[in-house]
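Quick notes on the structure that follows.
Keep in mind that the numbers below use all heavy atoms, side chains included, and drop hydrogens, waters and symmetry copies. Chain letters run A, B, ... following the sequence lines, proteins first and then strands; every chain starts at 1.
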Amino acid sequence: MENGQGIITAFSTAEPFRWVGLVWLVPLFPAAATLLNGLLGRKVIRYRTGQLATVAMLGALIVSLLCIWDIARTGQPYNVDYFIWIGVGDFQLPFGFYVDQLTAVMLFVVSFVGTVIFLYAIGYMHGHPGYWRFFTYMPLFAVMMFLLVLGNSLPVLFVGWEGVGLCSYLLIGYFFDRDYAAQAGRKAFIVNRIGDFGFLLGMLLLYWTLGSVRFTDIVEHAPDIYPAGSVMITVITLLLFLGATGKSAQIPLFVWLPDAMAGPTPVSALIHAATMVTAGVYMIARLNLLYSLAPISLLVVGTVGALTALMAATIAFTQREAKRILAYSTISQLGYMFLALGVGAFDAGIFHLMTHAFFKACLFLSAGSVLHAFHEDRDVDIFQAGGLRRYMPMTRLAFLVSAVAIAGIPPFAGFFSKDEILFEAFAGGYILFWGIGLTAAFCTAFYMFRLYSLLFSGEFRGTEHQRRHLHECPFIMWFPLVILALLSLVGGWVNIPGLFPKFHAFLRPVFAEAHELAGPHRELAGARIWEISLALLSVLVALTGIFAARLCYVQLPKLPHWFAETFPSLFIASLHKYWIDEAYQATVVKGFYSACRLAQWCDNRIIVAGLNAFAALIRHLSEIGTQLQTGYVRHYALAIVIGVVFLLIGMLL
Amino acid sequence: MMLNALYFWFFGTLAAVCGLGVVLSRHPMHSAISLVGTMIAIAALFLQLHSEFLAYAQIIVYTGAVMVLIVFTISLLNLRQTAGNPMCPSRWWGVVFVALLLLVFSAYQLIDKSHGFAGPARPSVPPDYGQVPTVARSLFTTYLFPFEFVAVLLTAAVIGATVLARQDPEQHPTEQEEQK
Amino acid sequence: METLLVLLIHLLKIIVVFSILLGCIAYAVLLERKLLGRLQVRWGPSRVGPFGLLQPIADGLKLFLKEELTPTRADRFLFVLAPLLSMGPALLAIAVVPFGDTTNLFGLLDQPILLQIADIHGGILFILALTSVGVYGIFLAGWSSDNKYSLLGALRSSAQMISYELVLGLSITVALMAAGDVSLRNIALSQGDGFWNWWIFSPKWFVLPGILGFFLYLISAFAETNRLPFDLPEAETELVAGYHTEYSSMKFAMFFMAEYCNIITVSCIAVTLFLGGWYAPFPFLPSGGLFGCVWFAVKVFILVCVFIWVRGTLPRLRYDQLMKFGWKVMLPLAIANVLLAAGGILLYEMWHGS
Amino acid sequence: MITLSHYLFLSMILFALGVTGLMVRRNAIILLMSVELMLNAANLAVVAFARFRPAPASADNGMVLVFMVMAVAAAEVAIGLAILLNLYRQRRTVNADELNVLKG
């Protein structure tokens with residue numbers, strides 16, 4: 001550790017001023033909002049908690065932009081220790097921030113999407129009981145997310161990691177008086193805990209073998225300590241990846257995310273689509289060097305990502321609730337990101353993370369505005385909707401733009417990022433991954449336009465009462481939609497492969513070493529031809545998906561039924577999400593209960609019985625001892641005096 | 001210094017005699033008054049030891065507060081004459097014997113260790129030794145934490161005593177409550 | 001030889017001060033009776049000697065010649081001890097009061113002598129210690145008489161005195177903090193050059209703590225000396241004179257003298273702490289040497305008159321009112337006053353760089 | 001010549017008297033007073049030691065200690081007497097010999 005002298009030195013170094021030195025302000029703004037709203041929100045600030053939180057996020061956004069600008073200008077990472085956080089003997093862990101290009105991207109995503117969603121939430125949450133509570137948790141979440149992306153060591157990251165988990169729990173259970181919300185919150189927490197267990201073990205193992213958990217040290221020493229492909233690094237990275245699967249909802253720990261839709265929609269948009277679930281991706285990207293040293297882990301990451309992408313997409317085919325479909329879509333897209341990481345294309349993964357944040361937030365917020373029109377808190381059955389384009393033009397437009405973006409049609413943002421992932425997979429020789437990814441892309445286009453068609457096309461299928469209340473959302477809600485839709489359109493232009501690879505150039509310093517380690521497999525003969533043809537192929541696949549969806553749900557509504565009746569097993573498997581929840585219930589939960597019963601039996605029959613026997617023995621012995629207690633003070637005093645006299649005699653002798 | 005020795009012997013004897021009175025008086029009130037005498041005598045000895053502040057504190061705290069409480073309690077309980085012997089008859093002699101044993105042994109010990117009553121010469125003291133400013137400076141700088149701690153302890157004790165001594169709330173507040 | 005001279009001077013001082021004090025006590029009684037008479041539009045004692053000036057001597061003779069009574073069931077030892085315990089501390093307190101600066105008796109002496117019996121370092125603490133011993137006199141008197149009224153009076157009295165002793169101490173603290181010393185002489189010395197330097201006007205910060213402290217002191221002094229309106233322990237109408245019901249003759253005279261001695265003592269202390277001690281109210285008036293004693297005597301006389309005036313004016317409080325007043329009004333006020341004064345001094349020292 | 005031993009001897013006598021009182025008396029109030037006597041004896045010893053230390057420069061340690069002891073003694077007596085009062089109300093006695101419910 002270079003300077004562990006505490007906060008004073010951190011702020012008074014003689015180095016030239018850098019705007020990124022203000023980075024401590026970024027989490028401070030939302031922290032202040034949390035504090036104010038939490039303490040005064042209920043009685044004093046009341047309905048201005050929303051504005052307060054949004055302004056705080058805006059402040060964080062402005063400071064973030066300053067920091068990003070600084071990083072982009074100088075290209076120098078910024079590492080600062082504020083104070084000794086954990087000091088135990090030789091182990092001195094400072095609390096500090098690390099800002100480099102990767103952090104900058106994450107900062108931008110979190111603060112920008114966060115601000116927009118906060119703005120939206122002012123309108124969306126209006127009139128909800130516990131408005132102030134919502135706007136206490138949301139900035140807290142932002143604080144934790146900032147800590148996660150800013151931390152300069154794994155423990156600091158872990159604080160943010162756990163913090164976002166906590167906020168997720170609090171916000172999923174926001175309607176805590178409803179059983180399903182409370183259940184969902186618990187589920188999210190417990191499932192995440194399993195992942196955290198892996199993360200923690202990985203972190204401790206890393207400290208044990210490497211001797212440090214700070215990112216700078218890891219980058220410096222890891223290649224010397226771990227031979228490429230050694231068992232230790234593989235175990236560490238796999239354990240850390242277990243944590244990532246929990247937080248980022250991958251196989252096998254993805255089950256919590258669909259249930260997490262019990263929270264208010266802005267929460268779904270911010271936490272379960274745009275930011276928190278990307279923590280796993282960020283973490284692996286941050287530790288890219290370690291993963292590059294462990295090819296097996298990378299393969300596992302890629303495999304899990306690819307399988308998740310495909311599986312979640314196929315589940316999304318048959319779900320009925322709008323937000324649930326989007327949740328599976330999120331899982332699927334996260335799978336894409338892990339696929340990208342798995343094939344060593346860290347920059348592509350991060351790129352997709354960013355574009356995905358834009359269009360998925362937009363999709364969720366649009367769904368939220370539909371819910372708002374339906375006066376629903378939980379979710380809306382898409383078979384009870386339809387024809388909303390007439391009632392909600394802005395929402396429909398935003399939804400359409402972002403659906404096209406996620407489907408991967410150029411020139412929308414999703415095309416560039418997704419296509420790049422597929423290309424990287426193909427170029428890296430992972431043809432199987434590429435094939436799965438392409439299939440998943442088709443599925444994505446299909447279910448997304450299934451959702452779009454059922455929501456916005458055709459005639460309204462709900463009750464007359466509902467129809468009369470349908471309305472476009474207020475300005476404060478559709479304005480964020482427009483911003484996000486615009487970004488879904490142009491967000492991908494920062495990195496047009498071959499023509500304008502700015503984003504990759506920006507991120508290159510972060511991943512340079514890892515790419516070097518991964519070897520020169522990224523060369524492909526005639527790359528440009530391959531790239532263009534593959535892109536055309538994936539556009540074609542996406543368009544097929546879109547047309548298939550339109551065909552099934554607009555032109556020929558009988559077709560899905562026919563399909564379901566012809567292949568009932570496939571249909572039912574998808575509808576029941578491959579019985580994964582049930583499988584967990586039967587194995588993990590039941591198994592745990594059995595273990596508990598065994599423990600209870602042991603406790604009752606062995607431990608307690610033994611203790612009782614021992615206690616009885618002691619009691620019998622002590623009954624003899626109590627004879628010494630006469631109850632007369634003077635006897636006790638006499639005993640003391642006799643003792644003193646003996647002591648004095650001893651001193652004399 | 002003749003006067004010095006005279007002073008010591010006078011107040012020393014007073015303290016010892018009053019101490020004896022504490023133990024031997026049949027009536028608690030006499031014991032209490034004897035104890036007051038002991039305390040005043042000890043305060044006088046403090047003065048001789050140049051601990052002026054402590055001498056006054058001794059009188060203000062012990063005589064003015066502690067003993068007044070005790071005297072009050074005695075008169076409140078109105079223990080005019082406890083029935084029978086106030087001493088414990090059976091063990092009386094044995095116990096005195098033990099106490100005297102303790103006394104003699106420690107006396108022997110002390111005198112032996114310090115070569116009889118000659119002892120080390122009395123060192124001279126600085127002019128402000130034991131005076132209010134000196135002790136106050138110590139109390140409020142070096143020993144500030146213990147001082148504050150004792151203050152908290154006293155507050156806790158006062159509140160505890162009030163709660164303990166309180167009769168049933170519906171009853172009329174009694175005198176000793178006021179006095180607390 | 002030197003030592004002997006010092007001893008002689010001290011002895012002389014003691015004799016002079018105490019004879020004056022005893023005389024003052026005697027004439028304070030007369031003053032009270034006369035003044036009370038005037039307040040009640042009558043003459044007061046006027047038969048014995050010119051203007052009744054020999055009345056105290058007559059009173060003393062009467063008390064001397066009365067029969068000593070001791071109740072049969074009284075605790076004899078304590079019954080005798082009580083008036084001594086009452087009288088002793090009251091007289092002793094005067095020993096540390098500075099009546100003036102130094103004097104060489106108009107050039108009679110080579111070296112100036114202190115107009116104070118003993119200038120001890122912990123002067124105020126000494127007086128507080130004496131006050132706490134004085135409680136025993138009254139308490140034991142009531143208790144040893146074996147008389148319900150006396151006991152009640154004694155209990156009341158000691159409870160009252162203990163309660164108000166706190167306020168007394170806290171109100172004194174203001175002057176101590178201002179002067180930065182506990183020695184009475186040094187406190188008096190810190191108030192020279194005009195009445196605006198007296199601690200009652202607290203020149204160091206602003207007026208409130210000083211005035212408030214002075215009045216808190218005065219009120220608790222009334223309670224400490226068992227004077228009206230706080231004379232509950234005696235309360236003739238309820239307790240038939242309370243703790244000294246059973247006392248007569250010389251023993252009664254001692255209680256009586258102790259009370260008046262206490263009045264004079266607390267007045268002396270009030271003058272020393274708050275009213276500039278022996279200093280004249282204006283710097284151009286002489287206050288050195290024996291002039292100081294004159295100023296001091298004038299101030300004390302005025303305060304004693306205030307005591308009598310209050311007695312002639314105010315009715316007696318009820319006992320629970322008294323205690324409530326002490327604990328719920330006076331004590332918080334006194335504590336607040338100390339904090340106020342401390343804050344004032346702090347500000348002052350910050351302002352003037354100490 | 002009065003030396004440290006004199007004070008210590010006096011202190012010891014007082015302490016022994018306190019111990020004796022604690023052992024031979026029955027009245028709980030007198031027991032309390034005996035404890036006070038012992039504390040006073042200890043205080044005297046501490047002050048004497050402080051005075052006779054070879055280097056009295058830092059001798060106010062002893063005085064501070066005694067001051068603390070006084071405060072603690074005051075607290076102890078306040079609580080002790082309150083307990084005694086309660087005891088007397090419930091058992092009509094302060095005789096320590098009758099308060100032996102806690103015996104074995």
Side-chain angles (χ1 to χ4, degrees), chain B residues 4-5 8 12 15-16 19-20 22-23 28 31-32 35 38-39 42 45-46 49-51 54 57 61 65-66 69-70 73-74 77 82 86-88 92 95-96 99 102-103 106-107 110-111 114 117 119-120 122-123 125 129-130 134-135 138-139 143 146 150 153-154 157-158 160-161 164-165, chain D residues 1-10 12-14 16-21 23-27 29-30 32-34 36-37 40 43-44 47-48 50-54 56-57 59-60 63-64 66-68 70-75 77-79 81-86 88-89 94-95 97:
Chain B
N4 221 328
F8 172 81
L20 209 60
V22 176
V23 180
S31 286
L35 191 52
T38 316
M39 283 164 174
I42 287 178
L45 289 176
F46 281 177
L49 287 168
H50 292 260
S51 304
L54 278 187
V61 174
V66 171
L69 276 184
I70 289 181
T73 315
I74 294 172
L77 303 187
T82 35
M87 314 288 178
C88 173
W92 171 227
V95 157
V96 168
L102 166 67
L103 187 72
S106 14
L110 278 167
I111 293 163
S114 55
F117 275 99
R122 167 193 295 232
V125 291
Y129 175 86
T134 328
V135 183
S138 274
L139 270 183
Y143 300 99
V150 161
L153 177 78
L154 261 181
V158 168
L164 275 175
Chain D
M1 191 64 188
I2 303 301
T3 59
L4 178 60
S5 302
H6 288 80
Y7 288 103
L8 294 184
F9 194 71
L10 177 62
M12 197 170 52
I13 290 174
L14 293 177
L17 280 172
V19 173
T20 316
M23 285 190 289
V24 303
R25 297 302 298 245
R26 292 172 150 173
N27 190 323
I29 296 179
I30 294 184
L32 260 182
M33 286 196 265
S34 301
E36 290 301 311
L37 190 58
N40 262 293
N43 278 357
L44 181 62
V47 172
R51 170 69 183 81
F52 285 92
R53 268 173 65 114
D60 42 353
M63 280 180 270
V64 171
V66 172
F67 187 77
M68 300 295 169
M70 285 180 189
V72 172
V77 164
I79 292 288
L81 288 178
I83 292 173
L84 273 184
L85 271 178
N86 245 336
Y88 184 73
R89 283 199 201 113
V94 288
N95 188 338
D97 282 5

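Shown here for D:Met70 and B:Phe46, the closest heavy-atom pair between the two residues is CE-CE1, 4.3 Å. The minimum heavy-atom distance between B:Gly160 and D:Ile79, with the atom names listed, is C-CD1, 4.0 Å. The minimum heavy-atom distance linking D:Met33 with B:Ala32 is given by the pair SD-CA, 3.4 Å. Here the closest heavy-atom approach between residue B:Val61 and residue D:Ala74 is recorded as CG1-CB, 4.4 Å. When all heavy atoms of D:Ala71 and B:Val150 are compared, the closest pair comes out as CB-CG1, 3.1 Å. Residues B:Ala161 and D:Ala82 approach most closely at O-CB, 3.5 Å, considering heavy atoms.
The candidate from D:Asn40, D:Ile30, D:Leu32 with the greatest count of non-hydrogen atom pairs under 4.5 Å with chain B is D:Asn40. The greatest number of non-hydrogen atom pairs below 4.5 Å with chain D, out of B:Val22, B:Thr134, B:Leu139, is found for B:Leu139. Counting heavy-atom pairs closer than 4.5 Å to chain D, the top-ranked of the candidates B:Val135, B:Leu153, B:Ile70 is B:Ile70.
The only option from D:Leu85, D:Ile83, D:Leu84 that meets the side-chain contact (heavy atoms from CB on, under 4.5 Å) definition with B:Leu164 turns out to be D:Ile83.
Put simply, CG on B:Leu54 and CG on D:Asn43 are 8.0 Å apart, with the number rounded to the nearest 0.5 Å. We find the OG1-CG distance between B:Thr73 and D:Leu81 to be 4.0 Å, quoted to the nearest 0.5 Å. The structure places CG of D:Leu37 at 5.5 Å from OG1 of B:Thr38, a figure rounded to the nearest 0.5 Å. Rounding to the nearest 0.5 Å gives a distance of 9.0 Å between OG1 of D:Thr20 and CG of B:Leu20.
For B:Ala65, no part sits under 4.5 Å from any heavy atom of chain D, backbone or side chain. Within the 4.5 angstrom heavy-atom criterion, atoms from both the backbone and the side chain of B:Ser51 approach chain D. Only the side chain of B:Leu35 comes within less than 4.5 Å of a heavy atom in chain D; its backbone stays farther off.
Between D:Leu10 and B:Leu45, the closest side-chain pair of non-hydrogen atoms falls below 4.5 Å. Between D:Met63 and B:Ser138 the shortest side-chain heavy-atom distance does not fall below 4.5 Å.
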